[in-house]
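Take a look at the structure below.
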There are 2 protein chains.
Amino acid sequence: MQNNIFKALAHPDRRKVLSLLRSGPKLAGDLAAEFDSSWPTMSRHLSVLKEADLISAERQGNQILYRINTSVVEDTAGALLAFIGVSQNDNDDYEEAAE
Amino acid sequence: MQNNIFKALAHPDRRKVLSLLRSGPKLAGDLAAEFDSSWPTMSRHLSVLKEADLISAERQGNQILYRINTSVVEDTAGALLAFIGVSQNDNDDYEEAAE
DNA sequence: TTGCTAATTAGCAAAATTGCTAAATAAGAG
DNA sequence: CTCTTATTTAGCAATTTTGCTAATTAGCAA
């Protein structure tokens, strides 16, 4: 559901999470430490990103490791380029009406 | 600011506007006619897109012509790719990295 | 079991977004 | 000037998002 993706990207802290994950997977706690917001707040940001499939989570014992879903980000950038007529594949995707 | 851009993209109707403008500039009325929402609602969507600099408006007598700001959309797609480490440097290895 | 750390969920209030109708503005025609 | 058309702005209610604190779950170890 593409709408969730764009909504997830609409918050600066969530974009910063993606930026941080760019250099590799990170533990939830290490991510949260990079922000001023409270842990629960960051936890929700992470769940929004996960819901949008922009990141995925893997439990490692006590902690949870997050990693960026590169292909989804890539596809979204592609969708954006499609708006201006740059079609890289034949994936001319817009057909979403409303929600 | 970039935040406005992603926020503007977070609504399906606003993305549809961009999609419609892809084939060329359109009058506000013609755009509004493509949606179920009321005219004032569409007018606000247009103003959000304009605020984000994703589209620009030009008055033509009685009516207002909207066009997509291609470069801004392009830059946003580039910013998205940057999250996954693809640098869209004008100079060299764009092709290589985009692989 | 208890205790500790990591992370999420629950619940609430403040803020922002959405979409409507009604009113206002802008430009042209007569 | 008035009238008509095109579009935006004002103002309001419903919904969604945000961020907090407090409570809860999950895993691990003694």
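Remember, predicted model here, so these are calculated numbers, not experimental data. Below, read A as the first sequence line, B as the second, and so on, with proteins coming before strands; counting in each chain starts at 1.
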Applying side-chain contact (heavy atoms from CB on, under 4.5 Å), name anything that partners A/T76, two or more places apart in sequence or on another chain.
A/I5, A/F6, A/L9, A/V72, B/L80

Whole angstroms only, please: what is the CG-C1' distance between A/N3 and C/dT18?
13 Å

Here the pair of heavy atoms bringing A/A8 nearest to A/A52 is CB-CB, 3.8 Å

Distance check needed: C/dT17 P versus A/K7 NZ, whole Å only.
12 Å

Rounded to whole Å, CD of B/E58 lies from P of C/dA26 at a distance of 18 Å

Residue pairs passing the ring pair (Phe, Tyr, Trp, His ring centres under 6.0 Å) test where at least one lies in residues 11-51 of chain A, sequence neighbours excluded
A/H11-A/H45

Once side-chain hydrogen bond (donor to acceptor under 3.5 Å, both in side chains) is applied, do any residues pair with A/S56, and if so which ones, sequence neighbours excluded?
A/N69

Would you jot down, in residue-number order, the residues of residues 63-70 of chain A having a non-hydrogen atom under 4.0 Å from DNA chain C?
A/Q63, A/I64, A/Y66

Considering only Ile, Leu, Val, Met, Phe, Trp and Tyr, and joining two whenever side-chain heavy atoms are under 4.5 Å apart, list the other residues clustered with A/L65.
A/L27

Figure out the CG/C1' separation between A/D36 and D/dC20, and round it to whole Å.
14 Å

Length of the line joining B/K50:NZ and D/dT7:P, which is rounded to integer Å:
12 Å

Can you name the side-chain hydrogen bond (donor to acceptor under 3.5 Å, both in side chains) partners of B/S38, sequence neighbours left out?
B/T41

List the residues meeting side-chain hydrogen bond (donor to acceptor under 3.5 Å, both in side chains) with B/S23, not counting sequence neighbours, and say none if there are none.
B/K26

Qualifying salt bridge (Lys or Arg N to Asp or Glu O under 4.0 Å) pairs with a residue from residues 59-69 of chain A, counting only residues at least two apart or across chains:
A/E58-A/R67

Under 4.0 angstrom, heavy atoms only, what part of the nucleic acid is B/S37 near: base, sugar-phosphate, or nothing?
sugar-phosphate

Tell me the interatomic distance from B/M42, atom CE, to C/dT18, atom P, rounded to whole angstroms.
11 Å

Rounded interatomic separation in angstrom, taking CG from B/N4 and C1' from C/dT17:
13 Å

Could you tell me the Watson-Crick or G-U partner of D/dA30, where both distances fall under 3.5 Å? Say none if there is no partner.
C/dT1

Assign a letter to each nucleotide of nucleotides 21-30 of chain D from its 5' end: B, base within under 4.0 Å of a protein heavy atom; S, sugar-phosphate only; -, no contact.
BB---BBS--

When rounded to whole Å, the CG to P distance for the pair B/D13 and C/dC20 reads 10 Å

So, B/R22 side chain and B/I68 main chain: donor-acceptor pair closer than 3.5 Å or not?
no

